[in-house]
Protein chains: 2
Amino acid sequence: MGNIHDIARIAGVSAATVSRVLNDHPYVSAEKRKAVLDAAEQLHYEKNINAVHLARGKTDIIGVILPFASHPYFGSILSGIASAAEKNGFKLMIAQTNYDVNQEIDALNMLKLKQVDGLIITSRECPIDVVKDYSTFGNVVVCESWSGHQMSSVFVNQYEAFKEALHYFLQKGHAKIGYSVLRMDGKSSTARRKAYEEVFGFVRKDWIFDRALTIEDGTRLAGEWANLDDRPTAMLITNDFVAAGFILECRRLGFTVPGDVSVIGFDNHPISAPLGITTVDLPLHELGKIAFEQAIAAGNRSHQEVPFTIVERESV
Amino acid sequence: MGNIHDIARIAGVSAATVSRVLNDHPYVSAEKRKAVLDAAEQLHYEKNINAVHLARGKTDIIGVILPFASHPYFGSILSGIASAAEKNGFKLMIAQTNYDVNQEIDALNMLKLKQVDGLIITSRECPIDVVKDYSTFGNVVVCESWSGHQMSSVFVNQYEAFKEALHYFLQKGHAKIGYSVLRMDGKSSTARRKAYEEVFGFVRKDWIFDRALTIEDGTRLAGEWANLDDRPTAMLITNDFVAAGFILECRRLGFTVPGDVSVIGFDNHPISAPLGITTVDLPLHELGKIAFEQAIAAGNRSHQEVPFTIVERESV
DNA sequence: GTGAAAGCGCTAACAA
DNA sequence: TTGTTAGCGCTTTCAC
């Protein structure tokens, strides 16, 4: 074990020189370099990264806030962030929040505490303005449509994506369209509602289903849909997991897809292909990579929109 | 901003007293406590966690090594770990390794660098002996069957689970059973092969399929299975995602499940229910929680087996 | 109850 | 090319 001073003593140099060698700084003679390396070897020296962080005033760590680590939507984004982090020699600190504001605040505080250099918020419950206030402590990037100079953002244009999917249904002859969201008052839900109103000039509350995130939610949704007196003939669904649960349960209940009800999902998760789900492809892995780049970007904030594409399969 | 000394000066106390107040230590008079708190408030003081880590010699951070953050198997474990971490006031550092040994080593080194107090290895490529060597730097827990005093372990008894599933097939009248694994030489694959030999007294190479982890792999598997001259009538499949891909592709190819081929998956992932996949339920979230507890346990290593149960549905 | 002082281990500006 | 020195900001022992 031992520290930099032990090495310095054994190698007969100063601690500064040891530091230089250890960090590959130039201007160290070959002999001293070797002496240092030998001493380090001999002591089984290991650097204490906390001391480095303290002295440097930065950590090369990025924090990631996500509500559920086990959901594929966030898993994909996380995976993209992780790939980029590895390439850049950064570590990742994650905070699973369950959309609990206190846990979100707790995670945001990592920035204040200088535990992380930057923070990526994949989704949130707490007000954007409180998030924004943390931007003075480091880069914060939000994975949602947001413009302003304090934070960076990377996002899919939910409004346009939803509208395009709606038009796709329309063009296939559907006039009665319902949809599902995770949280009624969530950011993307608002965009979706707006798109719906824009296209139809109205919204029907009984055709909007919320709390739809998982496969089980999709199953429940099918029951709710089936119980409606006036059923939509097409459903635009939160994501492919929910869509999978919805479609499979509809079939179990004796309905046909797309016969009785057409479905479009979001994400283009691998499950959508064998299930023949028409879906809006979202480049989540790529979005994660971009988020990471923004998190480590020096100074300049940016706002990047990533493209979506409708993948036509058999559920419409 | 400012630091503990600034507070001390303003409050008219010593830095030690400030530290006491900030850490809720007893033996500080009410007046001084208030003075300190006021000064901290006034300065918008924020603690530098790196200094704390350095001084304390520990970080309250646990590292998690996982090959793929976006795969549901690891996502579930991670989610369990994260829940437990939150409850205990710990943070999580994750390393996505892609089963790349260099990245694994890089992650293991967080332990040496004192970046994390403990490390959970959900799955690995690098030799167990090199992992073991890191146990002198902190708690390491492996999510696989392993016994020894250096590390803790939490695992499903793959051998027994596989054997029980095999017997289930047998009892349903199947004699020709094939199976799939992720990596031929992986730890759990070895256990599965052993169980197979134990039950049948032989293994047929063409009935073992490897590199099966994702839904797409399941799709591919179906093609390979269909191309066999002598096809197994039952398949024990890596996990429910692979099983889903397999079953759906089999049907697309004109086969019936369980008519032409019966299937048992692993994990009891939510997708297996609506798809009617008979599966071996694995308590992954719980496993993650246990792993975390072991990672922060002082001193005592332990080895815990978590139970599995066969969930009967319609694919057999 | 409180403070002084000695670390924790490394970095970096400055001088030589 | 190298060493000296002054931090980085907090904790904790020991003495009072």
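Quick note on labels: first sequence line is chain A, next is B, and so on, each numbered from 1.
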Trainee: Check every strand shown and say whether B:Asn23 touches a base, only sugar-phosphate, or nothing at a heavy-atom separation below 4.0 Å.
Mentor: sugar-phosphate

Trainee: Of the options D:dC10, D:dT2, C:dG3, whose atoms approach the side-chain atoms of B:Ala16 most closely?
Mentor: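 Nearest listed nucleotide: C:dG3.
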
Trainee: For B:Ile94, run the side-chain contact (heavy atoms from CB on, under 4.5 Å) check against B:Ile65, B:Ile120, B:Leu78 and tell me which one passes.
Mentor: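 With B:Ile94 as partner, B:Ile65, B:Ile120, B:Leu78 yield a single side-chain contact (heavy atoms from CB on, under 4.5 Å), made by B:Leu78.
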
Trainee: If you take atom types as modelled and just measure distance, does the side chain of B:Arg33 reach the base of C:dG1 with a donor-acceptor pair under 3.5 Å?
Mentor: no

Trainee: Given atom CD1 of B:Ile7 and atom P of C:dG3, what is their separation to the nearest angstrom?
Mentor: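 Computing the B:Ile7:CD1 to C:dG3:P distance gives 14 Å.
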
Trainee: Rounded to the nearest angstrom, tell me the gap between atom CD in B:Glu46 and atom P in D:dG9.
Mentor: 13 Å

Trainee: What residue among A:Asp60, A:Ile61, A:Ile296 forms side-chain contact (heavy atoms from CB on, under 4.5 Å) with A:Asp117?
Mentor: A:Asp60

Trainee: Could you state the CG-C1' distance from B:Leu113 to C:dC10, rounded to the nearest angstrom?
Mentor: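 For the pair B:Leu113 CG and C:dC10 C1', the rounded distance is 13 Å.
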
Trainee: Got a salt bridge between A:Glu125 and A:Arg183, using NZ or NE/NH1/NH2 to carboxylate O under 4.0 Å?
Mentor: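 Looking at A:Glu125 and A:Arg183, the cut-off is met.
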
Trainee: Side chain of A:Ile4, heavy atoms from C-beta onward: which of D:dT12, C:dT11, C:dG1 has the nearest atom to it?
Mentor: C:dT11

Trainee: I want to check one thing: is the phosphate of D:dC8, taken as OP1 and OP2, less than 4.0 Å away from some side-chain N or O of A:Lys58?
Mentor: no

Trainee: Report the nucleotide, chosen from D:dC10, D:dT2, C:dA12, that has the shortest atom-to-atom distance to any side-chain atom of B:Ala51.
Mentor: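 Nucleotide nearest to B:Ala51's side chain: D:dC10.
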
Trainee: Taking CD1 from B:Ile49 and C1' from D:dT11, how many angstroms apart are they, rounded to a whole number?
Mentor: 12 Å

Trainee: Between C:dA6 atom P and B:Arg56 atom CZ, what is the distance in whole Å?
Mentor: 22 Å

Trainee: Which is more 5' along DNA chain D, the nucleotide nearest A:Ala15 or the one nearest B:Val18? Just name the residue.
Mentor: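 Upstream on the strand: A:Ala15.
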
Trainee: Out of D:dT11, C:dG9, C:dT11, which nucleotide sits closest to the side chain of A:Tyr45?
Mentor: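 In terms of side-chain proximity for A:Tyr45, the closest of D:dT11, C:dG9, C:dT11 is C:dG9.
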
Trainee: Quick one: is C:dA4 close enough that its OP1 or OP2 comes under 4.0 Å of any side-chain N or O from B:Ser14?
Mentor: no

Trainee: Take the protein atom NE2 of B:His53 and the nucleotide atom P of D:dT12, then report the distance between them rounded to whole Å.
Mentor: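 The answer, rounded to whole Å, is 14 Å.
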
Trainee: Output yes when at least one side-chain N/O atom of A:Lys114 is less than 4.0 Å from OP1 or OP2 of D:dC8, else no.
Mentor: no

Trainee: Is the phosphate of D:dT1 approached by A:Ser29 (side-chain N or O, under 4.0 Å from OP1 or OP2)?
Mentor: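 No, because none of the side-chain N or O atoms of A:Ser29 sits under 4.0 Å from OP1 or OP2 of D:dT1.
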
Trainee: If you look at every strand shown and take non-hydrogen atoms under 4.0 Å, does A:His5 touch a base, only sugar-phosphate, or nothing?
Mentor: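 Base: the residue A:His5, judged by heavy atoms under 4.0 Å, touches a nucleobase.
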
Trainee: From C-beta outward on A:Asn3, which listed nucleotide comes closest to its side chain: D:dC10, C:dC10, C:dA12?
Mentor: C:dC10

Trainee: Whole Å only: how far is the NZ atom of B:Lys32 from the C1' atom of C:dG3?
Mentor: 9 Å

Trainee: Classify the nucleic acid contact of A:Val13 as base, sugar-phosphate or nothing, counting any heavy atom under 4.0 Å across all strands shown.
Mentor: sugar-phosphate

Trainee: Which sits closer to the 5' end of DNA chain C, B:Leu54 or B:Thr17, going by the nucleotide each is nearest to?
Mentor: B:Thr17

Trainee: Would you call A:Lys112 and A:Asp133 a salt bridge, using N to O less than 4.0 angstrom?
Mentor: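 Salt bridge flag = no for A:Asp133 with A:Lys112.
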
Trainee: Can you figure out which of D:dT12, D:dG9, C:dT11 approaches the side chain of B:His25 most closely?
Mentor: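 Of all the options, the side chain of B:His25 is nearest to D:dT12.
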
Trainee: Quick one: does any side-chain atom of A:His71 pair with a main-chain N or O of A:Leu213 as donor and acceptor, under 3.5 Å?
Mentor: yes

Trainee: Strictly below 4.0 Å, N to O, side chains only: are B:Asp38 and B:Arg33 in salt-bridge contact?
Mentor: no

Trainee: Can you check the B:Arg20 CZ to C:dG3 C1' distance for me, whole Å?
Mentor: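 Checked: the CZ to C1' distance equals 7 Å.
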
